[in-house]
2 protein chains.
Amino acid sequence: MTSAGGRPGGTAPRSVDVARLAGVSQKTVSRVLNGERYVSDDVRRRVLDAAGELGYRLNSAARALASGRTRSIGVVTLGTALYGPASLLIGVERAARDAGYALRVVNTLEGDPGGVVGAVESLLEQGVDGIVVSEPIDEGAVSLSVDVPVLVLGAPVTFGGTRTVATGVGAELLARTATEHLLDLGHATVHHLAGPERWFAARDRTEGWRSALTARGRERPAVLAGDWSAASGYEAGRTLAADGDVTAVFAANDDMAIGVIRALTEAGRRVPDDVSVVGFDDIPVAAYVTPPLTTVRQPFDAVAREGLRLLVRAIEKPDAEPAPANDPPVELVVRASTAPPPTR
Amino acid sequence: MTSAGGRPGGTAPRSVDVARLAGVSQKTVSRVLNGERYVSDDVRRRVLDAAGELGYRLNSAARALASGRTRSIGVVTLGTALYGPASLLIGVERAARDAGYALRVVNTLEGDPGGVVGAVESLLEQGVDGIVVSEPIDEGAVSLSVDVPVLVLGAPVTFGGTRTVATGVGAELLARTATEHLLDLGHATVHHLAGPERWFAARDRTEGWRSALTARGRERPAVLAGDWSAASGYEAGRTLAADGDVTAVFAANDDMAIGVIRALTEAGRRVPDDVSVVGFDDIPVAAYVTPPLTTVRQPFDAVAREGLRLLVRAIEKPDAEPAPANDPPVELVVRASTAPPPTR
DNA sequence: ATGAAAGCGCTAACAC
DNA sequence: GTGTTAGCGCTTTCAT
């Protein structure tokens with residue numbers, strides 16, 4: 001419920017109007033509304049009452065112009081409804097709001113040349129106090145020097161610019177854990193279905209898979225390339241099904257894993273009896289597909305919150321040391337899509 | 001790539017700086033940058049060059065303060081990574097950007113009392129030119145009178161306020177189509193697993209189901225209630241499996257349908273041989289689960305674009321008639337989770 | 001086709 | 001504790 005704010009003339013009330021009604025100066029209104037100290041309780045109450053009565057709302061454009069800060073954070077995100085990016089966005093929004101920042105969002109479409117640069121440019125024009133780049137893909141070396149702090153979510157720091165922080169680089173470890181799970185089950189080696197190579201997130205996972213195999217001196221099969229979609233998983237699955245030696249597959253996300261399982265099943269190869277499959281993300285349906293999917297859980301919310309904490313710190317205490325990121329916990333969720341290899 | 005904007009003093013260049021460099025007045029710079037007419041090509045070029053050289057960027061706070069418009073649209077969205085809401089957000093962002101508007105996003109957590117009202121309030125404070133409320137849930141009658149146009153996505157207009165438009169109310173028809181598909185297959189009736197009753201989207205679908213049954217004079221079984229999650233679908237599925245008369249189920253979204261299928265399968269009831277299941281949304285994995293899911297596709301992108309078109313129109317031509325929404329097309333995707341009922 | 005002057009509604013710096 | 005005075009960087013209105 002919002003009172004209509006009935007100032008004569010139909011325009012929105014300004015802080016002078018509140019001041020007049022409360023019988024104080026305009027600056028005092030500003031003080032109260034910004035929670036500054038040195039205001040008597042009596043005055044504070046009168047101001048608040050007057051503001052309420054008028055239906056007064058701060059004008060953030062004026063505030064931004066005068067203070068040089070917008071109290072807003074810009075987010076550059078891929079325009080996909082994928083579970084990971086969507087979850088990160090939610091986490092970021094919530095953490096930003098808790099910290100008192102509004103969110104401005106710009107999507108970059110995959111394949112859009114200059115996408116990230118253009119997006120950042122537009123956020124800068126909007127005057128954001130900080131920028132979050134979520135799940136970046138690379139499109140050539142992005143070197144934009146930006147005068148606000150930047151948080152890169154899900155990738156190592158590669159952006160130029162002095163004030164950059166990063167979190168969520170733990171995916172490599174998660175991927176390694178997934179691969180080791182399969183190896184521990186007795187599989188001789190593990191095939192890998194990767195995401196698009198331009199995504200850092202995809203390369204991270206491939207790296208984790210590779211290092212697990214290398215550490216145990218296992219043969220490293222050629223990597224299959226998908227595009228995160230179940231459809232691409234299905235395609236890859238058909239290839240995999242044709243190769244009788246395949247007993248274990250690590251897919252870089254759950255959607256692709258589901259596609260792989262479908263293709264395997266159609267080809268008459270049972271999961272997990274003949275072939276084990278593990279996914280990545282733990283999307284909400286993962287526990288309910290057939291067979292329930294063994295996967296690795298990404299703590300999206302924790303990653304987003306932690307990242308935003310660092311970003312806000314960088315915004316508000318520009319001189320403080322860049323605090324190190326606390327890497328989030330690893331969690332492997334074992335369900336029914338993995339088992340020991342068939343004995344023959 | 002962004003030039004550092006080397007004005008002496010380290011502050012960002014302003015339009016006067018550009019004017020000075022180009023040898024014109026500050027107002028002329030403003031004219032060029034806003035694409036106004038009556039600027040000679042020569043002057044335009046000089047201004048643009050000077051701006052480029054300085055790395056000049058418009059200050060949107062100043063512009064907003066002076067013009068009274070922010071060229072931004074606020075979005076109120078539920079804080080979920082569900083496919084539907086996420087897809088809508090992407091469509092809205094893209095359409096807004098194409099129309100020259102920036103996006104400000106606020107999430108409301110489910111169950112947060114006063115969520116929508118608070119979110120709208122905060123957007124108003126940010127000075128948005130229009131507001132999009134995506135997939136609203138009701139939390140008591142929300143009657144906030146707002147002085148900017150509001151677009152409600154996925155719900156009939158119920159917000160107070162004079163300038164409200166709506167789109168995406170076609171879900172009822174889609175749900176009806178899904179139910180009729182089952183009836184056409186020969187099922188005596190169709191059981192329904194609904195979403196949370198507080199969501200308009202859930203009620204719409206239930207309504208469509210109900211009307212299909214009523215139109216054919218069929219018995220209407222009690223509605224089961226889920227929360228959109230596969231887990232809740234699984235719960236409901238167990239109940240359904242215990243009832244030998246159930247041969248057809250319409251779940252209000254794909255995630256729940258997947259949960260239902262899982263429970264049915266575990267209970268030894270085959271899908272689609274014993275029981276048919278249809279979902280709603282056509283999430284990307286729907287074609288690859290076992291069995292591939294028959295579902296109904298929501299044209300999220302079209303709904304979002306159409307809605308935004310109406311909203312922008314309402315913003316820019318306040319006096320024009322509220323153009324009617326073009327309802328998007330119905331699309332039933334028949335896959336393998338539905339079949340005629342078992343003969344006995 | 002271009003320019004000069006006057007604010008938009010707030011916060012910053014300083015005075016009292 | 002509270003008030004005064006200047007801007008913040010643009011767009012608007014009106015001249016020219």
Side-chain angles (χ1 to χ4, degrees), chain A residues 5 7 9-48 50-51 54-72 100 102 124-127 129, chain B residues 5 7 9-48 50-51 54-72 100 102 124-127 129:
Chain A
R7 262 200 350 137
T11 47
R14 297 157 306 159
S15 61
V16 243
D17 301 320
V18 176
R20 199 143 34 219
L21 184 59
V24 298
S25 79
Q26 186 267 341
K27 171 67 219 187
T28 297
V29 174
S30 173
R31 278 209 182 85
V32 171
L33 266 23
N34 287 301
E36 288 173 29
R37 280 163 318 179
Y38 306 128
V39 201
S40 70
D41 287 352
D42 174 48
V43 168
R44 160 165 285 117
R45 257 249 330 300
R46 267 168 33 223
V47 168
L48 259 18
L54 258 25
Y56 172 73
R57 257 189 301 262
L58 257 155
N59 178 324
S60 67
R63 186 219 275 261
L65 182 56
S67 69
R69 298 193 34 198
T70 53
R71 292 206 71 82
S72 74
L124 255 17
E125 187 160 303
Q126 290 181 59
D129 296 339
Chain B
R7 265 207 341 145
T11 47
R14 297 156 306 159
S15 61
V16 242
D17 302 319
V18 175
R20 199 141 37 218
L21 183 59
V24 298
S25 78
Q26 186 267 341
K27 170 66 222 188
T28 298
V29 173
S30 172
R31 279 209 182 86
V32 172
L33 267 24
N34 286 302
E36 289 173 29
R37 280 162 318 176
Y38 306 128
V39 201
S40 70
D41 287 352
D42 174 50
V43 167
R44 161 165 286 117
R45 257 249 329 300
R46 268 168 34 223
V47 168
L48 259 16
L54 257 26
Y56 172 73
R57 256 189 300 262
L58 258 154
N59 179 321
S60 67
R63 186 218 275 262
L65 181 56
S67 71
R69 298 194 33 197
T70 53
R71 292 207 70 83
S72 73
L124 255 17
E125 189 161 303
Q126 291 180 59
D129 297 338

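On a predicted model such as this, the values are computed, not experimentally measured, just so you know. Just so we're on the same page: letters track the sequence lines, and every chain starts at 1.
- Partners of A:Ala51 according to the side chain to side chain contact (heavy atoms under 4.5 Å, CB included) rule, which considers only residues two or more places apart in sequence or in another chain, are A:Val18, A:Tyr56.
- In this structure, A:Arg44 places its CZ atom 13 Å from C1' of D:dT2, rounding to the nearest Å.
- Applying the side chain to side chain contact (heavy atoms under 4.5 Å, CB included) rule to B:Arg31 yields the partners B:Lys27, B:Thr28, B:Glu36, B:Val39; only residues at least two apart in sequence or on another chain are considered.
- Counting only N and O atoms by type, the side chains of B:Ser60 and A:Gln126 include no donor and acceptor under 3.5 Å apart.
- For B:Arg44, there are no salt bridge (charged side-chain N to carboxylate O under 4.0 Å, His left out) partners two or more places apart in sequence or in a different chain.
- Residues forming a side chain to side chain donor-acceptor pair (under 3.5 Å) with B:Arg69 (at least two apart in sequence, or on another chain): B:Tyr101.
- Under the side chain to side chain donor-acceptor pair (under 3.5 Å) criterion, A:Asp129 pairs with A:Thr70, not counting sequence neighbours.
- First and last contacting nucleotides of DNA chain C toward chain B (any atom under 4.0 angstrom from a heavy atom, 5' to 3' order): C:dA1 to C:dG9.
- The side chain to side chain donor-acceptor pair (under 3.5 Å) check on B:Asp42 picks up B:Arg46, with sequence neighbours excluded.
- For B:Ala62, the side chain to side chain contact (heavy atoms under 4.5 Å, CB included) partners at least two apart in sequence or on another chain are A:Leu65, B:Asn59.
- Scored by the side chain to side chain donor-acceptor pair (under 3.5 Å) test, A:Ser40 finds no partners at all (sequence neighbours excluded).
- Side-chain atoms of B:Val47 and B:Leu21, non-hydrogen and from C-beta on, never get closer than 4.5 Å to each other.
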Original post:
Could you write nucleotides 4-13 of chain D as a row of B, S and -, 5' to 3', where a protein heavy atom under 4.0 Å of any base atom gives B, of only sugar-phosphate atoms gives S, and otherwise -?
Top reply: B--BBBBBB-

**OP:** State the dot-bracket string of DNA chain D. Criteria: Watson-Crick or G-U wobble, both atom distances under 3.5 angstrom; notation: ( ) intrastrand, [ ] crossing earlier pairs, | interstrand, . unpaired.
**Re:** ||||.|||||||||||

